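Heads up: the structure comes next, in structure tokens.
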Amino acid sequence: MRVYNFAAGPSMLPLEVLEEAQRSLTDYNNSGMSIMECTHRGKVYEPVHSECISLIKELMGISDEYEVLLLQGGASTQFDAVPLNLMKTGKADYAVTGNFSSKAYKEAKKYGDARLAGSSEDKNFTYIPTQSELKFSDDADYFHYTANNTIFGSKWGYIPQTSAPLVCDMSSNIMSEVVDVNKFGLIYAGAQKNLGPAGVTLVIVRKDLIGNQMEICPTMLKYSIHAKNNSLYNTPPTFAIYMMMLNLRRVKALGGIVEMEKVNKAKAQLLYDFLDNSTFYTNPVRKDSRSIMNVTFTTPNADLDDACVKGATAAGLCNLKGHRLVGGMRASIYNSMPTEGVQALVDFLAKFEQANK
Ligand SMILES: *Cc1c(COP(=O)(O)O)cnc(C)c1O
């Protein structure tokens, strides 16, 4: 039986995407072999690679001023790749609004003068600083922030304004809402939350920012190398790219990101409205900073949190345990989570509240 999987990542994929992959698992397009077994430099794989990249460009409205790269190493590798490639004068601004942005900031300090432009650590990352609270330096090579804080359930409700190029980790909210890519110098995202399975990382980078990498930058982390080779410098994660392509075909067929945004906002509102109307559950995040992808909440105590997670699992609502840094529960409701899954969660939480308050 399929369950509703509320995991933060890897996260659930649409059944029809999995079934399509299953149908062609042993013989892809009459090639007599699985797409997994095809050379990445052959006629069978090549259209998959290019369709995946064109779907990303089309869905996000990416202009020719940008390169779209399909890389490996997860979003975490970009914590190093970004400074190695973009810190041309050795200075950058960072906002720390959660665990991943903190890691990115720490990595950047190894390569140059990474400065803290803003932080929400004082209140356990339960809010996003406002534009006027950010302190930018005027000579930064870029400003890095994390659009959606997967662990803490917060999101930047605005695109920050500064003179340096914006670099944004969108791992947990890419393609969840319409975003004007032209406002960014670089966007990166691990695929396993909103795009496909684990194993491929999307990097969208403005062409004029490529090519100024540090002398020590490993070849495999150079954007220039991957751009020049159409992300085929070495063996790409072919199966993960294929799965992402299937998933993005579905996103397009459903109406693209405009439609995703509509559904995602409705799903999040359903859950937040329920939590706000309850005296039993609490959401710790400031209202203007709420994520629509990761919703964190607690019951009145840790024992009830445990019971809630257990009861939900038994009801086919899985992986609701919150991250150890936050505790409580976290419902990750990415693009592939249907509205029915969120409704089923709300119904369960209402019953659990009745039985335990
Ligand atoms: C999951 C996540 C990461 C880490 O991604 P990996 O692919 O596991 O390296 C980084 N940033 C954000 C915002 C994430 O949600």
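Atoms within each ligand, like the ligands themselves, are counted from 1 in listed order. Given the structure is predicted, the values throughout are model-derived calculations rather than measurements. Just so it is clear, the values below take in all heavy atoms, side chains as well, and ignore hydrogens, waters and symmetry mates.
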List of N/O pairs, ligand 1 versus protein, all under 3.5 Å?
unit_1: ligand 1; atom_1: 7 (O); unit_2: A75; atom_2: N; d: 3.0
unit_1: ligand 1; atom_1: 7 (O); unit_2: Q192; atom_2: NE2; d: 2.9
unit_1: ligand 1; atom_1: 8 (O); unit_2: Q192; atom_2: NE2; d: 3.4
unit_1: ligand 1; atom_1: 9 (O); unit_2: A75; atom_2: N; d: 3.2
unit_1: ligand 1; atom_1: 9 (O); unit_2: S76; atom_2: N; d: 2.8
unit_1: ligand 1; atom_1: 9 (O); unit_2: S76; atom_2: OG; d: 2.6
unit_1: ligand 1; atom_1: 11 (N); unit_2: D169; atom_2: OD2; d: 2.6
unit_1: ligand 1; atom_1: 15 (O); unit_2: T150; atom_2: OG1; d: 2.4
unit_1: ligand 1; atom_1: 15 (O); unit_2: K193; atom_2: NZ; d: 2.7

Give the table of side-chain donor-acceptor pairs shorter than 3.5 Å for residues 71-79, with sequence neighbours excluded, one pair per line with atom names and distance.
unit_1: Q72; atom_1: NE2; unit_2: T235; atom_2: O; d: 3.0
unit_1: T77; atom_1: OG1; unit_2: G73; atom_2: O; d: 2.6
unit_1: Q78; atom_1: OE1; unit_2: Y223; atom_2: OH; d: 2.6

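Under a cut-off of 6.0 angstrom, the local environment of NZ in K91 is crowded, with over 12 non-hydrogen atoms contributed by other residues, nucleotides or ligands.
The aromatic rings of H144 and Y94 sit parallel, their planes meeting at an angle under 30°, below the 60° perpendicular limit.
For M220, the side chain to side chain contact (heavy atoms under 4.5 Å, CB included) partners two or more places apart in sequence, or in a different chain, are H226, Y233, N234.
Applying the salt bridge (charged side-chain N to carboxylate O under 4.0 Å, His left out) test to every pair with at least one member in residues 347-357, sequence neighbours left out, gives these pairs: E353-K357.
For the side chain to side chain contact (heavy atoms under 4.5 Å, CB included) with L202, the lone residue among N194, L69, V68 that qualifies is V68.
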